[in-house]
Amino acid sequence: MALKLVLFVTVMVAALALPIAKGTNVVVEVQPSFVPCSLGANVTATPPFPNAQVQLRCGAGNVVASTTTNANGVFSFSLDSTRLSLFPTVPLNLCNLVVTTPLSTCNSTLPLVGVLESRIQFIRSSVLGLRIVLTFGPVGFRYSSST
């Protein structure tokens with residue numbers, strides 16, 4: 001009798017797991033992050049960079065997503081597996097966040113050319129229903145004279 005119960009439970013768990021595995025969606029998030037209006041030295045005393053365009057670039061500079069910072073200089077991304085499947089061979093840790101709006105837009109004393117860039121790093125993973133959420137964040141924005 002105990003063997004039948006174990007077998008029944010095993011079959012039920014397997015049957016329930018199949019649709020979940022097939023319908024699982026992977027979501028990559030870049031957590032809400034602050035973009036400073038500076039060359040990246042001391043961001044704690046730096047004003048925010050509002051209305052700045054931020055791109056997530058992977059591989060050879062491919063733009064995977066873009067967004068704009070809010071009035072407080074904060075942005076975030078959320079990408080589903082459909083969007084990420086366009087770049088299947090690029091590891092996410094080789095992606096960069098790039099602020100394409102010129103720094104002089106937020107402070108006229110800053111350079112007219114160049115960008116703020118940051119590598120991203122893995123922070124955590126979580127499961128929410130049928131979604132696996134992988135959360136990343138910037139390592140730290142620094143000025144780069146190249147675009």
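Throughout, residue positions are numbered sequentially from 1 according to the sequence presented.
- Residue Val28 is grouped with residue Phe122 when hydrophobic side chains (ILVMFWY) are merged at heavy-atom distances under 4.5 angstrom, including chains of intermediate members.
- Rounding to the nearest 0.5 angstrom, the gap separating the CG atom in Leu39 from the CG atom in Leu110 is 5.0 Å.
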Go through Val139 and Glu117 one step at a time and tell me if the side chain to side chain contact (heavy atoms under 4.5 Å, CB included) criterion holds. CA-CA 9 Å; Val139 173; Glu117 277 188 286; over 6 Å; no

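- For Thr69 (side chain) and Ala52 (main-chain N/O), a donor-acceptor pair under 3.5 Å exists by modelled atom type.
- Counting all heavy atoms, side chain and backbone alike, Ser118 lies closest to Pro138 at OG-CB, 3.3 Å.
- Ser104 places no side-chain N or O within donor-acceptor distance of the main-chain N or O of Leu112, the cut-off being under 3.5 Å.
- If you take CD1 on Ile120 and CG on Leu56, they are separated by 5.5 Å, rounding to the nearest 0.5 Å.
- Between Ala65 and Leu79, the closest heavy-atom pair is CB-CD2, 3.4 Å.
- The minimum heavy-atom distance between Phe49 and Pro102, with the atom names listed, is CZ-O, 3.5 Å.
- The two residues Leu116 and Ser38 have their closest heavy-atom pair at CD2-O, 3.3 Å.
- Counting heavy atoms from C-beta on, the side chains of Tyr143 and Pro111 come closer than 4.5 Å.
- Counting heavy atoms from C-beta outward, Ile123 and Gln31 have side chains that approach closer than 4.5 Å.
- The line from CZ of Phe136 to OG of Ser125 is 9.5 Å long, rounded to the nearest 0.5 Å.
- The backbone N or O of Asn72 sits less than 3.5 Å from a side-chain atom of Asn70, completing a donor-acceptor pair.
- Residue Glu29 holds its CD atom at 9.0 Å from CG of Leu134, rounded to the nearest 0.5 Å.
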Please test Val35 against Val99 for side chain to side chain contact (heavy atoms under 4.5 Å, CB included), starting from the C-alpha separation and ending with a verdict. CA-CA 8 Å; Val35 175; Val99 178; 3.8 Å; yes

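- For the atom pair CD (Gln55) and CG (Asn62), the distance works out to 11.0 Å, reported to the nearest 0.5 Å.
- The side-chain heavy atoms of Ser76 and Val30, taken from C-beta on, include no pair separated by under 4.5 Å.
- If you take CZ on Arg119 and CG on Asn96, they are separated by 8.0 Å, rounding to the nearest 0.5 Å.
- Contact between Pro36 and Thr46 at its shortest, heavy atoms only, is CB-CG2, 3.6 Å.
- Side-chain N or O atoms of Asn107 include one that pairs as donor or acceptor with a backbone N or O of Thr109 at under 3.5 Å.
- Counting heavy atoms from C-beta outward, Phe75 and Thr68 have side chains that stay 4.5 Å or more apart.
- Annotation for Val27 and Ser78: closest pair CG1-OG, 3.4 Å, computed over non-hydrogen atoms.
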Is there a side-chain hydrogen bond (donor to acceptor under 3.5 Å, both in side chains) between Gln53 and Thr101 once you walk through the steps? CA-CA 6 Å; Gln53 184 182 22; Thr101 305; 5.4 Å; no

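- The backbone N or O of Val54 lies less than 3.5 Å from no partner atom in the side chain of Ser66, so there is not a single donor-acceptor pair.
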